[in-house]
Participant: 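Sharing a structure with you now.
Computed from a predicted model, the values in this text were never measured in an experiment. The residues of the chain are indexed from 1 along the displayed sequence.
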Amino acid sequence: MANQKLDRLDKQILKLIADDARVPFLEVARICNVSGAAIHQRIQKLTNLGILMGSQFIIDPEKIGYETCAFIGINLKNPESFDDVVDKLRQMPEVVECHYTTGNYDLFIKIYAVNNHHLLNFIHDKLQPLGLARSESIISFHAAIDRQLPINSLNPAELEER
């Protein structure tokens with residue numbers, strides 16, 4: 001989808017709700033100095049444009065027993081099987097992200113495992129049968145930065161002009 005033009009109010013709303021998705025719309029309206037109805041309309045517009053894609057609570061995987069976060073680069077024996085492999089990965093609850101990539105891998109996934117033994121079993125029992133030529137695993141000790149894309153006053157087109 002093409003870059004959408006966002007005005008000052010849209011950006012202010014996005015910043016407020018990105019900082020705290022549970023902030024009441026009436027509080028957003030008060031901060032933005034507009035009516036609650038205006039905020040509801042803007043939120044609906046941003047949702048319809050696909051800029052806002054829902055809201056969710058974020059669960060800390062470690063607090064519910066998933067101690068190992070790993071990134072796995074995957075090379076497929078048969079790259080034409082992308083769609084089938086992605087469909088199978090989608091059914092594996094450990095897989096939280098899957099990216100088509102350039103570079104050394106056909107796919108790059110992020111998974112959570114209970115521990116390193118679970119990670120080993122996941123790779124052996126679930127990934128290998130998908131038709132991997134090879135894979136490379138990287139275990140993350142801790143995410144030093146984990147955030148939403150910040151809402152800036154400049155849009156990407158303006159950044160490219162600089």
Side-chain angles (χ1 to χ4, degrees), residues 1-74 82-114 118-119 122 126-127 135-162:
M1 173 175 270
N3 182 34
Q4 301 294 324
K5 294 285 185 190
L6 301 176
D7 64 18
R8 181 198 60 77
L9 180 57
D10 290 332
K11 290 176 186 175
Q12 190 175 15
I13 293 167
L14 288 172
K15 179 165 180 8
L16 289 165
I17 65 174
D19 289 344
D20 179 5
R22 296 190 299 176
V23 63
F25 286 176
L26 289 178
E27 178 68 11
V28 174
R30 185 189 63 71
I31 293 168
C32 294
N33 201 27
V34 296
S35 71
I39 297 301
H40 281 280
Q41 289 171 346
R42 291 295 182 115
I43 294 289
Q44 189 60 51
K45 175 188 91 166
L46 294 167
T47 302
N48 291 342
L49 289 171
I51 294 169
L52 284 177
M53 298 183 295
S55 61
Q56 59 187 345
F57 287 101
I58 299 176
I59 299 167
D60 183 338
E62 194 171 336
K63 297 238 167 59
I64 61 168
Y66 290 83
E67 296 179 2
T68 302
C69 173
F71 296 88
I72 303 173
I74 297 172
F82 270 132
D83 293 338
D84 291 336
V85 169
V86 171
D87 286 341
K88 290 175 183 165
L89 289 170
R90 196 173 276 120
Q91 296 170 26
M92 299 175 191
E94 296 92 345
V95 177
V96 295
E97 291 182 27
C98 177
H99 301 267
Y100 294 109
T101 63
T102 61
N104 294 332
Y105 309 113
D106 296 324
L107 297 167
F108 197 73
I109 64 173
K110 178 180 180 181
I111 76 148
Y112 284 101
V114 173
H118 179 198
L119 173 61
F122 174 83
K126 291 185 175 182
L127 285 187
S135 67
E136 182 176 341
S137 303
I138 302 167
I139 294 176
S140 169
F141 293 125
H142 176 72
I145 299 172
D146 184 7
R147 63 179 174 205
Q148 291 257 5
L149 184 65
I151 305 303
N152 295 323
S153 58
L154 298 176
N155 68 39
E158 290 171 330
L159 292 174
E160 289 173 4
E161 294 170 4
R162 292 185 166 195

Participant: With heavy-atom distances below 4.5 Å as the criterion, would you say the side chains of Gln12 and Ile31 are in contact?
Facilitator: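 Yes; the side chains approach each other to less than 4.5 Å.
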
Participant: Does Arg147 have any salt bridge (Lys or Arg N to Asp or Glu O under 4.0 Å) partners at least two apart in sequence or in another chain, and if so, which?
Facilitator: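 Testing Arg147 for salt bridge (Lys or Arg N to Asp or Glu O under 4.0 Å), a comparison that skips the adjacent residues, returns none.
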
Participant: Given side chains that start at C-beta, do those of Lys88 and Val85 come closer than 4.5 Å, heavy atoms only?
Facilitator: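 Counting from C-beta outward, Lys88 and Val85 never come under 4.5 Å.
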
Participant: State which residues pass salt bridge (Lys or Arg N to Asp or Glu O under 4.0 Å) with Lys126; sequence neighbours excluded, sorted by chain then number.
Facilitator: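 Scan of Lys126 (salt bridge (Lys or Arg N to Asp or Glu O under 4.0 Å), adjacent residues dropped) gives Glu94.
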
Participant: What is the minimum heavy-atom distance between Tyr112 and His118, and which atoms define it?
Facilitator: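 Shortest heavy-atom contact: O-CE1, 4.5 Å.
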
Participant: Mind running side chain to side chain contact (heavy atoms under 4.5 Å, CB included) on Asp10 and Ile51 for me, showing each step along the way?
Facilitator: CA-CA 10 Å; Asp10 290 332; Ile51 294 169; over 6 Å; no

Participant: Is Lys45 close to Arg42 at the side-chain level, that is, under 4.5 Å between some pair of heavy atoms?
Facilitator: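 The answer is yes; the side chains approach within 4.5 Å.
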
Participant: Could you name each residue pair satisfying salt bridge (charged side-chain N to carboxylate O under 4.0 Å, His left out) that touches residues 46-68, not counting sequence neighbours?
Facilitator: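 Those involving residues 46-68 are Asp60-Lys63.
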
Participant: I'd like to check the ring-ring contact (aromatic ring centres under 6.0 Å, His included) partners of Tyr100; sequence neighbours left out, ordered by chain and number.
Facilitator: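 Residues passing ring-ring contact (aromatic ring centres under 6.0 Å, His included) with Tyr100: Phe82.
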
Participant: Could you work out, with side chain to side chain donor-acceptor pair (under 3.5 Å) as the rule, every residue matching Asp84, not counting sequence neighbours?
Facilitator: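 With sequence neighbours excluded, Asp84 shows a side chain to side chain donor-acceptor pair (under 3.5 Å) to no residue whatsoever.
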
Participant: How about Val96 and Pro61: do any of their side-chain heavy atoms sit closer than 4.5 Å?
Facilitator: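 Result no, sub-4.5 Å side-chain heavy-atom pair not found.
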
Participant: Looking at side-chain heavy atoms only, is the closest gap between Leu52 and Ile17 below 4.5 Å?
Facilitator: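 Yes, close enough: below the 4.5 Å cut-off.
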
Participant: Mind running side chain to side chain contact (heavy atoms under 4.5 Å, CB included) on Val95 and Leu127 for me, showing each step along the way?
Facilitator: CA-CA 11 Å; Val95 177; Leu127 285 187; 5.7 Å; no

Participant: Please, which pairs that meet salt bridge (charged side-chain N to carboxylate O under 4.0 Å, His left out) have at least one residue in residues 97-109, sequence neighbours excluded?
Facilitator: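 Qualifying pairs, neighbours excluded: none.
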
Participant: Under the side chain to side chain contact (heavy atoms under 4.5 Å, CB included) criterion, do Glu136 and Tyr105 qualify, and how do the steps go?
Facilitator: CA-CA 9 Å; Glu136 182 176 341; Tyr105 309 113; 2.7 Å; yes

Participant: Would you say Gln91 and Asp87 are linked by a side-chain donor-acceptor pair, where the criterion is simply a distance under 3.5 Å?
Facilitator: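 On atom types as modelled, these side chains do not qualify, holding no pair under 3.5 Å.
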
